[in-house]
Amino acid sequence: MAPQPVVTGLSPKEGPPGTRVIIRGEFLGNRPQDLVGLKICDSDCLLSAEWKSPNKIIARTGPARGKGDIIVTTVSGGVGTSTVQFRVYHETIGPLKESAVWIEESSPQNFAWGRRTLTQSGLTQEDPLGLSIEGNEQKIPEDLRDLVPDACGDLSQENFSPAWFLLENHSATSFVDLKAGLSYLKRKVESQKEGQLSFLKSNAGSVIDQLDTLMNIRDKLQEDTKLHGSEPLDVLELSIKNSIIESKKIFDDVLVRKEKADSTRAVLFALSRHKFLFCLPNAVDRLAEAGEYDKVVNDYSRAKNLFGKTEIPIFRKVLEEVDQRIMQIRKQLHEKVVKMPQRVEQQKKLIKALTSLEVQQSGTLVGDKLRNIDPAWDAIEARAKYLETTLRHTFEQYANRDAATQDKLKNRDPNQTPSRVNFCEEICDIAASQLPDLWRLGQLYFTGELRGQHDPKPGDFKRMILNAIEKFCVYLRLTILIAADQRTLRQTTGLSWPIGSNTATHQFLSWIPQCLRYTRIAYATLISLDLPSEALDIIQKLIDEVRLFCFSIIFKRATDRCKKLDAQETWEMGVEDFPGATLLPAALEALLVETLDEVQSVCMQPEAREGNLLEPQSDGQREVSQRLQEFLSAFSRVIEELAYQSHDEETPTHNVSQLLGFPNAQHTDPNVSSGHFYATGTSAVTWEQRMLCCLANYAYCNKSFFPHIGELFVKYGYPLPTLAIETSRYTVNQLFTNLLEEYVEHKGDPLVGTIEPSMYLGRFQWDHEMEIGKLRPYAHECCDNLVGVYSEIYTISPALLRPILESIVQTISEELARLMSCVRRFSFTGAIQANVDIRLLRDALENYVNETAKNYFLEALEAINPPLNAEQKRKADEILGHVKHNMRLQLLCFGVKDL
Amino acid sequence: MSKKPTAGPALHKVIMVGSGGVGKSALTLQFMYDEFVEDYEPTKADSYRKKVVLDGEEVQIDILDTAGQEDYAAIRDNYFRSGEGFLCVFSITDDESFQATQEFREQILRVKNDESIPFLLVGNKCDLNDKRKVPLNECQLRAQQWSVPYVETSAKTRENVDKVFFDLMREIRSRKTEDSKATSGRAKDRCKKRRLKCTLL
């Protein structure tokens, strides 16, 4: 047990009752609940006590008197002690003193009839010294009681002590004032001592008044005696008796009236009750008309409670009437419940009203006629049916409108939204607004909120929901997926959207993403409903199909745009790591990126609860692959077209015929062929150059661009479309070979063709002796022509040098071999000359000679007949060295290796 | 008081005087309960009493914490009469409160009619030395004139708090032993003798 509480401090230590005191000490309890008692000067102050800490309590003093201990009692420490004491004093408050308490200044009136107030008590006793007490602190110095025991300062008390009085009331009065007071007191005492005479003198007026009054009383008494005899009391008694009888009469009268009033009130009360019942049939009708079914239910149940078990026939009759009316209302209500369209809340309200009416009416005779109806279920059915009809109706309406407009004007405004899209929007709106309603109603029904006493039919409801969603999907499918095979759908549903003109269908295609968006919005709404996944799967399937359709449409459109890319070809060679390739692939890439972006945002990005279209081995992947392949092959065809396009427009320039005498304008102006190529820009691009560009593009596509496209797809989250890219590369490769052949043929044929005429120009014959020492013109010409071709290719794309030149060289070597073998006989010098010519050509083109060409050259050398002897060989070597020295510029040209 | 048994430990009555807001209550509460009260609430008249050990002897100290405000000047006489020793407190940050100590001293001397009543001049709030308004030498000079000790305290940091109370109690005790020796003492402090009897009885 904790130590006893001890109070050691008080602030303040004195004051009137109600003073707020801060009590300090030790062990004053360890929590507010520990404090169970507080007494200040023996008055209980626990109520006002506010426990602050084990050292501090704040309380207000109670109505005590005098000085006393502060006793704190705690559960833990018991009853405590105090080392300090509190003193309670009472303040008298006069009109001049400040006070926090309202003091009633007028003396209290005694309202007893016919009674005068007695003389006032010594409450406002005058100071015997004639001094104002006010302003003096009226408090007893604490040692007063010790100084004057058994005394008090009250003038009227027996143990009055003047010392006490003075200390109590005049502790602050100055000595001069006290002396004046003493003389005042003395004067007063003196005046009383002077005797009766002086008293009479001073009060002569009032004494005479008293005498007059006494005389009056005597006269009145005599008069009374004269009038009523000597016993006036008899008269008084009589009149009192009379008045008693009279008052009794009045009292009885009042009693009777009160009874009457009571009975009247009871009757009125009963009437008001009955009024309610009698008015009920009409009131119920009126309320039902106003649509306030809650009130109907309320009133009806009230009536049922009040009169349900009544035996009074009139009430029963009225009740029956009410029951009939309620019956009518129920029928009306039921009609209203199944009437569509209306809001779920409204329907809910009606159903609730109907159900409660039915519950209340069950058991009555009338009520049993219309039983076992399930308004909520009816409402659900009605809603489902309404949804179905709305869907169908909307579909028919739009389909018919579309058919009608198509007949009327074929070319509609292309900016106008096709009715398929409008239908899509509307049907999605309908589904998104009505399906949730239906579902909510169903939920309410199955959670029991709207259910009557009937068993729910979950299977039916689920079927209903699934059916509705399926219908919804069918309509959308008919509308959106125009490319798909709808024959089975048409057969099963008997519905079809009128087949429009091609242009209309084409217009609609661009709106499909819009439709997809509508569908998705509706889908999102349905997802949030917690529908069974079975139902959602139906829509998901549709959405996935639409997405795929969307994808293929977008890609088809991209392919169409790709086909028009040729207009964008500027023949500007901008690919850094592949000289000769133009900006066309970049344009294609931009188009592809744009398309992929669109696809991504429109359909590929799966939204909430949608499938991934790119599952391996899925339709989606196949579609992607196929579309890409189409796209790329379209591009290949574009290049092809570009390559062959100018065949008809431009005369091919055969810049190989300088010896034959029709000088070529382009060749004679070297600025155009190569030097000015970049400066003059696209306008001066020749057909050959374009062809070379296309060749370069093909090679570029094959080597790096198509794989790059694949990476692009991967970047967008698609699986690498290897098949499509490989196929496209193969196609491109094929096209490249074809084009190459075309080019080689175009370039090589004239070149090779000039060799023979040039060789035999000027009636030249190999068996004639000739001047030797330099190259024959035909070989020069051939060499120069090759340089021309070489420079042309080199300016466009050095990478193409080898494949082109090799085949040209091969044809040259073949031609030489053929020509040599045709010569029957060589003269001595002729043999040397031929040897030099052939070897020069061979050596010059060393870098581009393949095996076949090498063989042909060898064949050509061997065809020289008779073969060269040692001297001829020496001579030939000498000449060859000389010629090579002369032609070192041309030879240097071919010496440039592939870049 | 007659109810109190005389057998208890000696009781020393200390009165706190000084202007309003100088920290009389703060000093008292710090001495009594080791707590420092931050918020200011003017005192009317508070009473505290507890046992302390003074130089190995158990005594009771009774502290009367008076109102500093001028409104209560009239009732001070009553309180002063019962005091055996006085702590005259002023704030070293407030020159007016220092000047007021003169009046308190005079009033105490008038009431007690005793030049050598136990009395300590206390300069409080010495933790606020940077806001000092009353120079130290002036305080010491005044204490010298009155021939009383001067102590600077801080109710906030408890500096010298115990010292002033114990010093005062020692003075009271020595005065009491002096008085009891000279039993039929000088006529000039009759009043005091009577009071002493009262307490003893």
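Letters A, B, ... are given to chains in the order of the sequence lines, protein chains preceding strands, and every chain is numbered from 1.
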Exercise. Hey, which residues of residues 19-41 of chain A are touching chain B, say heavy atoms under 4.5 Å apart?
Worked result: A:R20, A:I22, A:R24, A:G25
Problem set entry | Max heavy-atom pair count under 4.5 Å with chain A, selected residue of B:E35, B:Q60, B:K50 | B:E35
Exercise. By side-chain hydrogen bond (donor to acceptor under 3.5 Å, both in side chains), which residues pair with B:N129, not counting sequence neighbours?
Worked result: B:R132
For this session: Mark yes or no for whether B:K44, through its side chain, and B:A67, through its backbone, hold a donor-acceptor pair below 3.5 Å.
Result: no
For this session: Hey, can you tell me if B:F166 and B:F31 have their rings parallel, tilted or perpendicular (30° and 60° cut-offs)?
Result: perpendicular
Problem set entry | Results of ring-ring contact (aromatic ring centres under 6.0 Å, His included) for B:F86 - residues two or more places apart only | B:F80
For this session: Give a yes or no answer on whether the side chain of A:R60 reaches the backbone of A:G18 with a donor-acceptor pair at less than 3.5 Å.
Result: yes
Exercise. What part of B:L64 is in contact with chain A, defined as an atom under 4.5 angstrom from a non-hydrogen atom: side chain, backbone, both or neither?
Worked result: side chain
Exercise. Counting heavy atoms not belonging to B:D162, are there more than 12 under 6.0 Å from its CG?
Worked result: yes
Can I get a per-line list of side-chain donor-acceptor pairs under 3.5 Å for residues 139-147 of chain B, giving both atom names and the distance, sequence neighbours left out?
residue: B:R142; atom: NH1; partner: B:F98; partner atom: O; Å: 2.8
residue: B:R142; atom: NH1; partner: B:T101; partner atom: OG1; Å: 3.0
residue: B:R142; atom: NH2; partner: B:Q99; partner atom: OE1; Å: 3.3

